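First the structure, in the form of structure tokens, and then the observations on it.
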Amino acid sequence: MVARKVLLSSLASTGYIDEAYCLFEEMAEKGWKSNLKTCNILINALGKAGKSKLAWQVFLFMEDVGSNPNVVTYATLIDVLFKVGNVDEALQLFEQMKEKGCEPDVVTYTTLIDGLCKVGQVDEAEKLFSQMIDAGVSGNAITYTSLIRGLGKCGEVDRAGKVFQAMLAAGCKPDVVTFNVLLDVLCKSDRLNEALKLFSDMKKKGTADLVSYNTVLMGLHRARRVREAYKISEEMTRKGFVPD
RNA sequence: UUCGAGUUU
């Protein structure tokens, strides 16, 4: 039995997900217990493998194996549901977790905000952001970046800029991903020169990475600024980056 | 001390 438990967690975290699921189900049917962490890892692994139905099954079996879903369980499954396009179920699960008295944390809110943005529901995403603040949960760099990207993708560049300002005002420090998203938004909204300005600042600070380079490279090509694009790709090779 | 969330193509 102990051996099985060890086997289950290692299977779940090494990619043998079908095997892990079968073992989990067998254990559940025999009334054996599983760790909460193991269940969460399994739900995540199944989701990442596109097996959202099995991820749900694990969730449903959790009671039987003596583990109550926690905030990680809910956030993980909500993310899985969004990623397979089950927006309604994801939102229902969010309601369910609150009904059960499980307090959503930043990751939970961020998962929802990102998921809503990715299906184009940016207004809903912004509402949720306000709800999060009202609930006394502060956004982090990932939360703000998700919202900025979503708004930018919808052509709401000014709103995206406002969120960035709000991020700074809230004392939340933008990271490389935030800046890369900003680069992309600017590149794709006829504000390439602003993107280039930001990019040179990033290079000065030494924070430009492969994604920053690729993003700017694409932006320059889109704008038919071939010579500058060529210079950037040369610069990339010099720095050891491989352009796409 | 890594069970969950964000970026280009």
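Just so it is clear, the model here is predicted, and its values are computed rather than measured. Just the heavy atoms: all of them, side chains too, but no hydrogens, waters or symmetry mates, feed the values below. Just so it is clear: chains get the letters A, B, ... in the order the sequence lines come, proteins before strands, and each one is counted from 1.
- Heavy atoms of A/Thr143 sit nowhere under 4.0 angstrom from any nucleic acid atom.
- Rounded to the nearest 0.5 angstrom, A/Thr73 OG1 and A/Asn44 CG are separated by 11.0 Å.
- In this structure, A/Lys127 does not pair ionically with A/Asp123, as no charged nitrogen and carboxylate oxygen lie closer than 4.0 Å.
- Looking at residues two or more places apart in sequence or on another chain, you find a salt bridge (charged side-chain N to carboxylate O under 4.0 Å, His left out) between A/Lys98 and A/Glu95.
- For the segment residues 46-70 of chain A, the set of residues with a heavy atom within less than 4.0 Å of an atom of RNA chain B comprises A/Lys48, in numerical order.
- Looking at heavy atoms from C-beta onward, A/Phe59 lies in side-chain contact with A/Leu93 at the 4.5 angstrom threshold.
- Ion pair A/Arg238/A/Glu235 not flagged as a salt bridge, since none of the NZ, NE, NH1 or NH2 atoms sits closer than 4.0 Å to an Asp/Glu carboxylate oxygen.
- Contact of the A/Arg222 side chain with the A/Leu192 side chain is not registered, since no non-hydrogen atoms from C-beta on lie closer than 4.5 Å.
- The closest side-chain heavy-atom distance from A/Leu183 to A/Met202 is below 4.5 Å.
- A/Lys162 and A/Asp158 are not joined by a salt bridge, as no carboxylate oxygen comes within less than 4.0 angstrom of a charged side-chain nitrogen.
- Here A/Val216 lies out of heavy-atom contact (under 4.0 Å) with every strand.
- Salt-bridge check for A/Glu26 with A/Lys30: passed, with a basic side-chain N closer than 4.0 Å to an acidic carboxylate O.
- Relative ring orientation between A/Phe24 and A/Tyr21 is described as tilted, the plane-to-plane angle lying within the 30° to 60° band.
- Annotation: proximity of residues 108-115 of chain A to RNA chain B (heavy atom, distance under 4.0 Å) is found for A/Thr108, A/Thr110, A/Thr111, A/Asp114, numbered in ascending order.
- Side-chain polar atoms of A/Thr76 and A/Asp79 form no donor-acceptor pair below 3.5 angstrom.
- In summary, A/Asp184 and A/Lys153 engage in a salt bridge, as defined by a charged side-chain N under 4.0 Å from a carboxylate O.
- Cation-pi contact between A/Lys239 and A/Tyr213: absent, since separation from the ring centre below 6.0 Å together with deviation from the ring axis within 45° is not met.
- With a cutoff of under 4.0 Å to any heavy atom of chain A, the contacted region of RNA chain B is bounded 5' to 3' by B/C3 to B/U9.
- Interface residues of residues 81-91 of chain A facing RNA chain B, ordered by number: A/Lys83; criterion, heavy-atom separation under 4.0 Å.
- Checking side-chain atoms of A/Asn140 against main-chain N and O of A/Ile142 turns up a donor-acceptor pair under 3.5 Å.
- Of the residues in residues 181-191 of chain A, those lying under 4.0 Å from RNA chain B by heavy-atom distance are A/Val181, A/Asp184, A/Lys188.
- The CZ atom of A/Arg149 sits 13.0 Å away from the CG atom of A/Leu182 when rounded to the nearest 0.5 Å.
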